[in-house]
Amino acid sequence: GASTDVISAAVMGVCVLVLGILTAVLLSVIKNLLSGNAVIAGAVIIAAGLASIMVMALRAWLPAVYPTVWVYLAVTAVNFMLISQCEQGLGKAIRACIIFFVAIVITAALREVLGSAAIAGTALSFMEPYKMGIFTQAPGGFIVYALVMAALSGIGAKKGE
């Protein structure tokens with residue numbers, strides 16, 4: 001949903017990166033105090049609290065992007081893929097968040113070019129006759145994101161990761 005334009009996607013990616021890093025750091029500090037499933041609960045609480053703070057900061061400092069990003073940022077707080085990476089340490093959290101950042105920016109660029117005949121809000125007149133409205137809607141987002149993630153997974157598999 002936040003990948004309809006490159007600027008919103010980049011803001012979302014940076015927010016997720018900051019959220020992942022802060023969650024991993026805070027979780028590493030309190031991880032020894034928690035046991036078993038309490039670590040997961042602690043990670044969810046930390047991520048949700050940080051996401052709430054980030055949403056308030058976006059609303060105050062980036063009001064133009066806020067309507068597009070806020071709900072997806074809140075959902076990210078309970079994304080178990082991100083939280084499981086945060087549990088495994090700062091390096092894994094940063095790697096997962098960078099992969100997410102790259103995927104969402106590529107997805108947004110493709111959706112914006114193919115659906116709106118623009119990039120970062122700048123019209124691409126040569127693409128105007130070829131734009132397809134489906135790419136500006138949710139189904140187009142899922143299609144493009146699936147293709148981008150498949151490509152990234154293929155690249156990772158070739159590298160042996």
Side-chain angles (χ1 to χ4, degrees), residues 1-25 43-44 46-86 90-161:
S3 67
T4 55
D5 67 272
V6 173
I7 302 211
S8 294
V11 169
M12 177 70 175
V14 169
C15 288
V16 168
L17 182 62
V18 170
L19 180 65
I21 290 169
L22 292 176
T23 299
V25 168
V44 170
I46 290 169
L50 291 171
S52 296
I53 292 167
M54 199 167 294
V55 165
M56 288 186 273
L58 279 176
R59 189 171 189 179
W61 295 316
L62 293 172
V65 178
Y66 169 79
T68 308
V69 174
W70 80 270
V71 71
Y72 302 106
L73 187 58
V75 170
T76 301
V78 292
N79 183 329
F80 286 106
M81 181 281 303
L82 178 63
I83 289 173
S84 69
Q85 296 301 313
C86 291
L90 185 59
K92 292 260 187 180
I94 291 172
R95 183 174 182 269
C97 293
I98 288 173
I99 290 169
F100 175 82
F101 177 85
V102 169
I104 196 169
V105 170
I106 291 171
T107 299
L110 290 171
R111 287 182 72 193
E112 194 172 7
V113 168
L114 296 173
S116 302
I119 188 75
T122 303
L124 301 172
S125 57
F126 68 93
M127 285 297 296
E128 191 66 36
Y130 307 107
K131 72 179 182 181
M132 296 168 270
I134 185 104
F135 289 108
T136 61
Q137 300 169 6
F142 285 118
I143 291 166
V144 173
Y145 187 71
L147 293 172
V148 168
M149 289 308 293
L152 290 176
S153 294
I155 291 167
K158 282 190 176 191
K159 289 184 177 183
E161 296 177 353

Trainee: What closest approach, in Å, do Ala108 and Ala9 show between heavy atoms, and which atom pair accounts for it?
Mentor: CB-CB, 3.3 Å

Trainee: Using side-chain hydrogen bond (donor to acceptor under 3.5 Å, both in side chains) as the criterion, list what pairs up with Gln137, not counting sequence neighbours.
Mentor: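 Testing Gln137 for side-chain hydrogen bond (donor to acceptor under 3.5 Å, both in side chains), a comparison that skips the adjacent residues, returns none.
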
Trainee: Could you tell me which non-hydrogen atom of Tyr145 sits nearest to which non-hydrogen atom of Ala103, and how far apart they are?
Mentor: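 For Tyr145 and Ala103, the tightest heavy-atom pair comes out as CE1-CB, 4.1 Å.
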
Trainee: Roughly how far apart are Leu22 CG and Leu90 CG, rounded to 0.5 Å?
Mentor: 9.5 Å

Trainee: Atom CD1 of Ile94 and atom CD1 of Ile99: how far apart are they, to the nearest 0.5 Å?
Mentor: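 If we round to the nearest 0.5 Å, Ile94:CD1 and Ile99:CD1 are 12.0 Å apart.
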
Trainee: Could you go through the side-chain contact (heavy atoms from CB on, under 4.5 Å) check for Val105 and Met12 one step at a time?
Mentor: CA-CA 9 Å; Val105 170; Met12 177 70 175; over 6 Å; no

Trainee: To the nearest 0.5 angstrom, please state how far the CG atom of Leu152 sits from the CD1 atom of Ile106.
Mentor: 5.5 Å

Trainee: With distance as the sole test, does Glu128 use its side chain to make a donor-acceptor pair with the main-chain N or O of Ala117 at under 3.5 Å?
Mentor: no

Trainee: Quick one: does Leu147's side chain get under 4.5 Å of Leu110's, heavy atoms only?
Mentor: no

Trainee: Quick check: closest heavy atoms across Leu19 and Met54, and the distance to 0.1 Å?
Mentor: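 Smallest heavy-atom distance, with atoms named: N-CE, 3.8 Å.
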
Trainee: Would Val16 and Ile104 count as a side-chain contact (heavy atoms from CB on, under 4.5 Å) here? Give the steps.
Mentor: CA-CA 11 Å; Val16 168; Ile104 196 169; over 6 Å; no

Trainee: Could you pull out the closest heavy-atom pair between Ala60 and Pro63, with the gap in Å?
Mentor: O-CD, 4.3 Å

Trainee: Atom CD1 of Ile119 and atom CG of Leu124: how far apart are they, to the nearest 0.5 Å?
Mentor: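 Going from CD1 on Ile119 over to CG on Leu124, the span is 7.0 Å.
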
Trainee: Output the distance between atom CG (Leu114) and atom CD1 (Ile134), rounded to the nearest 0.5 Å.
Mentor: 12.0 Å

Trainee: Has the side chain of Thr136 got a donor or acceptor atom that lies under 3.5 Å from a matching backbone atom of Gly133?
Mentor: yes

